[in-house]
Amino acid sequence: MGPEVVIAVVSAAVSLISVAVTYRTALVTHRLQDEARNRDKVELAEELFRRYRVPLLASAESLQSRLHNVLSRNLLRTYLHSGDSEEQHYVRHNTVYVLAEHLAWLEVLRREQRFLDLESVKSTKELFAAIQRIHHPLATDSLPGPFRVFRGHQRAIGEVMLRRVESPEGAVTEVLGYAAFCDRLETDPRFASWFTRLLTEVDDVEAQGQHGNERLIRLQNELVELIELLDPKGEWLPLEQRERLPRPTPLLPTSRTPNG
């Protein structure tokens with residue numbers, strides 16, 4: 001074998017080794033980049049969770065507690081008909097407010113995550129699945145009862161409940177407090193139009209009883225599920241305050257006497 005052949009063989013071998021090393025390096029680099037991106041996603045998801053855990057938890061608790069008191073302890077019957085005008089105003093307006101407040105925090109969270117690729121992070125996937133289960137009983141027409149709010153309307157309510165506030169760190173988004181909510185209902189007709197039907201349907205909730213309010217019972221159950229996901233060990237909310245309303249048993253059809 002001549003020297004030219006030997007040189008060619010050696011050169012070919014070196015080229016093959018170089019290609020293999022380059023390919024291996026590319027694979028390792030790609031794997032490291034994937035791992036870094038995954039770490040970034042997890043960190044973003046954890047930051048999102050830390051930032052909104054407490055307000056989302058608090059608003060979910062306010063809403064589920066109000067629904068529990070309305071449907072199992074006759075809160076509306078007590079104050080809509082037996083209370084004074086101030087108590088009647090409060091129980092009607094605050095019932096609508098706690099729903100609107102929770103929808104506002106859901107909208108804040110949706111806005112924060114829409115530009116983040118977090119669907120592959122298990123904790124985030126579970127959180128947004130739980131949120132979807134909250135939207136569903138409000139929106140569906142397959143459940144009886146007042147307070148049906150289509151998904152687009154839910155988002156709209158969340159949007160009008162938000163305001164931008166300047167802070168030393170820059171502009172931040174806040175949810176309207178109860179006093180500001182009541183003030184805008186009285187002074188801003190466009191704002192009030194989003195809540196007119198709901199304020200009227202508070203009386204329907206009281207009149208329907210448990211069998212006519214399965215929508216709100218389902219919603220209360222899903223809110224408790226969300227609370228358990230956000231606070232599984234009861235670090236913020238006591239475990240004993242998470243009682244689910246029982247689903248009503250179907251009413252048996254009344255028997256009819258045959259004609260003739």
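Owing to the predicted nature of the structure, the values given are computational and were not obtained by experimental measurement. One is the number of the first residue; the rest follow in order along the sequence. Below, all heavy atoms of this structure are taken into account, side chains as well, without hydrogens, waters or symmetry copies.
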Task: Test item: N74 side-chain N/O and V70 main-chain N/O as donor-acceptor pair under 3.5 Å - done: no
- [ ] Applying side-chain contact (heavy atoms from CB on, under 4.5 Å), name anything that partners A104, two or more places apart in sequence or on another chain.
- [x] M161, L162, V175
TODO: Please answer whether the main-chain N or O of T140 pairs with a side-chain N or O of R215 as donor and acceptor at a distance below 3.5 Å.
DONE: yes
Open item on the list: Using side chain to side chain contact (heavy atoms under 4.5 Å, CB included), reason through E222 and E225 one step at a time and then give a plain yes or no.
Closed with: CA-CA 5 Å; E222 297 298 349; E225 291 284 343; 4.1 Å; yes
Considering only distance and modelled atom types, tabulate donor-acceptor pairs under 3.5 Å from the side chains of residues 129-139, sequence neighbours left out.
| from | atom 1 | to | atom 2 | distance (Å) |
| --- | --- | --- | --- | --- |
| Q132 | OE1 | R151 | NH1 | 3.0 |
| H135 | ND1 | Q154 | OE1 | 2.5 |

TODO: Would you give the length of the straight line joining atom CG of L76 to atom CG of N69, rounded to the nearest 0.5 angstrom?
DONE: 9.5 Å
Show the atom names and distances, to 0.1 Å, of all donor-acceptor pairs under 3.5 Å that link a side chain in residues 190-197 to residues at least two apart or in another chain.
| from | atom 1 | to | atom 2 | distance (Å) |
| --- | --- | --- | --- | --- |
| S193 | OG | R190 | O | 2.6 |
| T196 | OG1 | A192 | O | 3.1 |
| R197 | NH1 | R148 | O | 3.4 |
| R197 | NH1 | E201 | OE1 | 3.1 |
| R197 | NH1 | E201 | OE2 | 3.1 |
| R197 | NH2 | R148 | O | 2.8 |

Open item on the list: Using side-chain heavy atoms (C-beta onward) and a distance below 4.5 Å, is H68 in contact with R244?
Closed with: no
Task: salt bridge (charged side-chain N to carboxylate O under 4.0 Å, His left out) partners for E240, two or more places apart - done: none
Task: Distance (rounded to the nearest 0.5 Å) between R110 CZ and W105 CH2 - done: 15.0 Å
- [ ] Apply side chain to side chain contact (heavy atoms under 4.5 Å, CB included) to R247 and R218, showing your working.
- [x] CA-CA 8 Å; R247 296 279 298 277; R218 286 277 296 275; 3.2 Å; yes
- [ ] Ignoring hydrogens and angles, tell me if any N or O in the side chain of H93 forms a donor-acceptor pair with the backbone of H89 under 3.5 Å.
- [x] yes
TODO: Report the residues that fulfil side-chain contact (heavy atoms from CB on, under 4.5 Å) with E61, sequence neighbours left out, ordered by chain and then residue number.
DONE: Q64, S65, I227, L237, Q241
TODO: For R242, check salt bridge (charged side-chain N to carboxylate O under 4.0 Å, His left out) against everything at least two apart and list the hits.
DONE: D231
Open item on the list: To the closest 0.5 Å, what do you measure between CD1 (I217) and CG (L67)?
Closed with: 9.5 Å
- [ ] Find the distance between CG (L143) and CG (L216) and round it off to the nearest 0.5 Å.
- [x] 9.5 Å
Open item on the list: For T173, give me all partners under side chain to side chain donor-acceptor pair (under 3.5 Å), at least two apart in sequence or on another chain.
Closed with: R164
Task: hydrophobic_cluster_shared for L245 and L239, side chain cutoff 4.5 Å - done: no
TODO: Keeping the roles fixed (side chain from N213, backbone from G209), state whether a donor-acceptor pair exists under 3.5 Å.
DONE: yes
TODO: Taking ring pair (Phe, Tyr, Trp, His ring centres under 6.0 Å) as the test, write out the residues that go with F147, two or more places apart.
DONE: none
Task: Pairing residues for Y90 by the side-chain contact (heavy atoms from CB on, under 4.5 Å) criterion, not counting sequence neighbours - done: R66, N94, Y178
Open item on the list: For the CG atom of L198 and the CD1 atom of I157, what is their distance to the nearest 0.5 Å?
Closed with: 5.0 Å
Task: salt bridge (charged side-chain N to carboxylate O under 4.0 Å, His left out) against D204, all qualifying residues, sequence neighbours excluded - done: none
- [ ] May I ask you to say whether R53 pairs ionically with E235, meaning some side-chain N is under 4.0 Å from a carboxylate O?
- [x] yes
Task: Check: P144 main-chain N/O paired with Q208 side-chain donor or acceptor under 3.5 Å - done: no
TODO: Begin from the C-alpha positions of V224 and E228 and carry the test side chain to side chain contact (heavy atoms under 4.5 Å, CB included) through to its verdict.
DONE: CA-CA 6 Å; V224 173; E228 291 180 342; 4.0 Å; yes
Task: Partner set under side chain to side chain donor-acceptor pair (under 3.5 Å) for E101, not counting sequence neighbours - done: none
Task: Point-to-point distance, once rounded to the nearest 0.5 Å, from CG of N221 to CG of L226 - done: 13.0 Å
Open item on the list: If you apply the rule side chain to side chain contact (heavy atoms under 4.5 Å, CB included), what do you find for L56 with V108, and how did you get there?
Closed with: CA-CA 10 Å; L56 190 59; V108 170; over 6 Å; no
Task: Any residue meeting salt bridge (charged side-chain N to carboxylate O under 4.0 Å, His left out) with D183, in chain and number order, not counting sequence neighbours - done: none
